[in-house]
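Convention: sequence-line order gives letters A, B, ...; per-chain numbering from 1.
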Protein chains: 2
Amino acid sequence: MAGEPRRYRELCPIALALDVIGDRWTLLLIRELFAGPKRFTDLEQGLPGVGSSVLATRLRHLEQHGLVRRRRLPRPAPALIYELTPRGASLDAVVLSIARWGAAYLPGQQDLVSRGRWLLQALAATADPPPPGLGSTNFVLDGEESHIRVGHRRLAARDGLLTDARATVRGTVPDLYTLATTSGTGEPGLGRVAVDGDRRAAEWLLKHLVAGLRSAANSGTSTKEHA
Amino acid sequence: MAGEPRRYRELCPIALALDVIGDRWTLLLIRELFAGPKRFTDLEQGLPGVGSSVLATRLRHLEQHGLVRRRRLPRPAPALIYELTPRGASLDAVVLSIARWGAAYLPGQQDLVSRGRWLLQALAATADPPPPGLGSTNFVLDGEESHIRVGHRRLAARDGLLTDARATVRGTVPDLYTLATTSGTGEPGLGRVAVDGDRRAAEWLLKHLVAGLRSAANSGTSTKEHA
DNA sequence: CGGAATCCTCTTCGATACTG
DNA sequence: CAGTATCGAAGAGGATTCCG
């Protein structure tokens, strides 16, 4: 029995929004679903520390509010998956603005759980609109497969590999993190990551991504905070 | 003793952002500060139900992270006020995107606490960039003074009255709420609100505001949710 | 094996009371 | 006015158990 969930009861769009997406774990759960449909267990893996009970409660809440849909996959994959509805996907502006604001905290972090795709989502969120000719690229980071798709006006990071990617970048998450957050003098090139396929295309994409992240991280008025 | 605040400990800009602004009440507190500097007691009034202990904890947290600054006002006003730092003010994109997304929930609400300025913030957040010639306007709603300033590319709602406003709109919050959310056939005019000063200017501004709110509320894929 | 419900402990919240 | 102290209630975190 969850009882009535806590609400603000204010006639204010921010308060009404937070009644739906303001609970702990909710926006991170939505971050996971922006990377593609997920099973319950996938979500547990993508939200370290969440606890199955809280996750089930959040999923039910989001389903009731029409942000998430539960769907049974047809054969040959007898799995129950969760995915964003159009209303849920319309949170992209919210998720992007939070990711851009939070990018200022990315450099210099230690002792945090890391996932390749989180870093790719950060890079995609902070990137400028792609110049013509920039190509979608696959990534295998710490053995985890994901990709960055180059769309019309923005980049998007999702799970899995594309069949039509221009190149595949391989390495560890620390490798890419170092490449992205270390302000080497001039152009550090690829650092320790390796490339299959069109190396030029991968270099160009990475350069575009790193420039965007640095710009977002610096526009944070570089407050180092936390006495 | 608060102990260590709970953190996600993920190398992800969204998780790092939510470690700072994700706690209950925090974004609503920031909403209040976007309307101008506030004393502790003002904030309590603007956050019905918060409890002074939680408010003090949130303010300390935001101060430590460099989003909020505490300042002692000089004579003749021996008051301690809280205000946003530049880093705190850089949350405007986050607050705006949440307000726009949440605007879909505004129509048809009942039994909620209402404040004139919250509604003005909602209208300012969802409004399109102002056309040239649109003028700043004062509002007195349920006796509470606030205003909407017409800026370069956006509107902003704050507390208090401007000395150089084009007009003053007077009425109750339900009056303005009805005017804003009731899709009357064609143009409902001013409804029950009254205008001092340039009536044409006030009508134009209100028309602009209402159009923006309706557009934002409808782009929400009108899911009525919550069984 | 995936998808939870249950149980237990700990933290946080909300409300009231109290203090410099 | 600007908070701190306190306390019952609600929520989160973690492990285990259950069910199809």
Determine the minimum heavy-atom distance between A/Y8 and A/D19, stating which atoms define it. N-OD1, 2.9 Å
Which parts of residues 20-28 of chain A get close to DNA chain D, meaning a heavy atom less than 4.0 angstrom away? A/R24, A/W25
Rounded to whole angstroms, how far apart are CG on B/L73 and C1' on D/dA2? 14 Å
Round to a whole Å and report the spacing from CD of B/E44 to P of D/dG3. 10 Å
Should the pair B/H65 and B/H61 be assigned to parallel (<30°), tilted (30 to 60°) or perpendicular (>60°) ring geometry? tilted
Starting at atom CD of B/Q45, determine the distance to atom C1' of D/dG3, rounded to an integer number of angstrom. 15 Å
Distance check: side-chain N/O of A/R60 vs OP1/OP2 of C/dA5, anything under 4.0 Å? yes
Using a strict cut-off of less than 4.0 Å between a Lys/Arg side-chain nitrogen and an Asp/Glu carboxylate oxygen, indicate whether A/D23 and A/R6 qualify as a salt bridge. no
Under 4.0 Å between a side-chain N or O of B/R58 and OP1 or OP2 of C/dG14? no
Begin from the C-alpha positions of B/E63 and B/R69 and carry the test salt bridge (Lys or Arg N to Asp or Glu O under 4.0 Å) through to its verdict. CA-CA 6 Å; B/E63 207 180 346; B/R69 172 172 40 212; over 6 Å; no
Can you check whether A/R6 has a side-chain N or O nearer than 4.0 Å to OP1 or OP2 of D/dA10? no
Indicate whether OP1 or OP2 belonging to D/dG3 is found under 4.0 Å from a side-chain N or O atom of B/Y82. yes
Using a cut-off of 4.0 Å between protein heavy atoms and nucleotide atoms, how would you tag nucleotides 15-20 of chain D 5' to 3' with B, S and -? B-----
Among side-chain atoms of A/Q121 and A/R117, is any donor-acceptor pair under 3.5 angstrom? yes
Is there a side-chain contact between B/S90 and A/W101 in this structure, where contact means two heavy atoms from C-beta onward sitting under 4.5 Å apart? yes
In whole angstrom, give the distance that lies between atom CG of B/L80 and atom C1' of C/dG20. 14 Å
Write down the distance between CG (A/L43) and C1' (C/dG3), rounded to a whole number of angstrom. 11 Å
Classify B/R72 by what it touches in the nucleic acid, base, sugar-phosphate, or nothing, heavy-atom distance under 4.0 Å. nothing
Interatomic distance where NE2 belongs to B/H61 and P belongs to C/dT11 [whole Å]: 18 Å
Examine B/R87 relative to A/Y105 and say whether NZ or CZ is less than 6.0 Å from the centre of the six-membered ring and inside a 45° cone about the ring axis. yes
Assess whether a salt bridge exists between B/K38 and B/D159, defined as any Lys/Arg side-chain N lying under 4.0 Å from an Asp/Glu carboxylate O. yes
Nearest whole angstrom, please: distance from the P of D/dA2 to the CD of B/E63. 14 Å
Does a donor on one side chain sit under 3.5 Å from an acceptor on the other, for B/D175 and B/T172? yes
A/L55 CG - D/dG14 P separation (whole Å): 14 Å
When every non-hydrogen atom of A/A125 is compared with those of A/A99, the smallest separation belongs to CB-CB, 3.8 Å
Closest to the 5' end of DNA chain C, once A/L59 and A/Y8 are matched to their nearest nucleotides, is A/L59
A/R7 vs D/dA10: side-chain N/O to OP1/OP2 distance below 4.0 Å: no
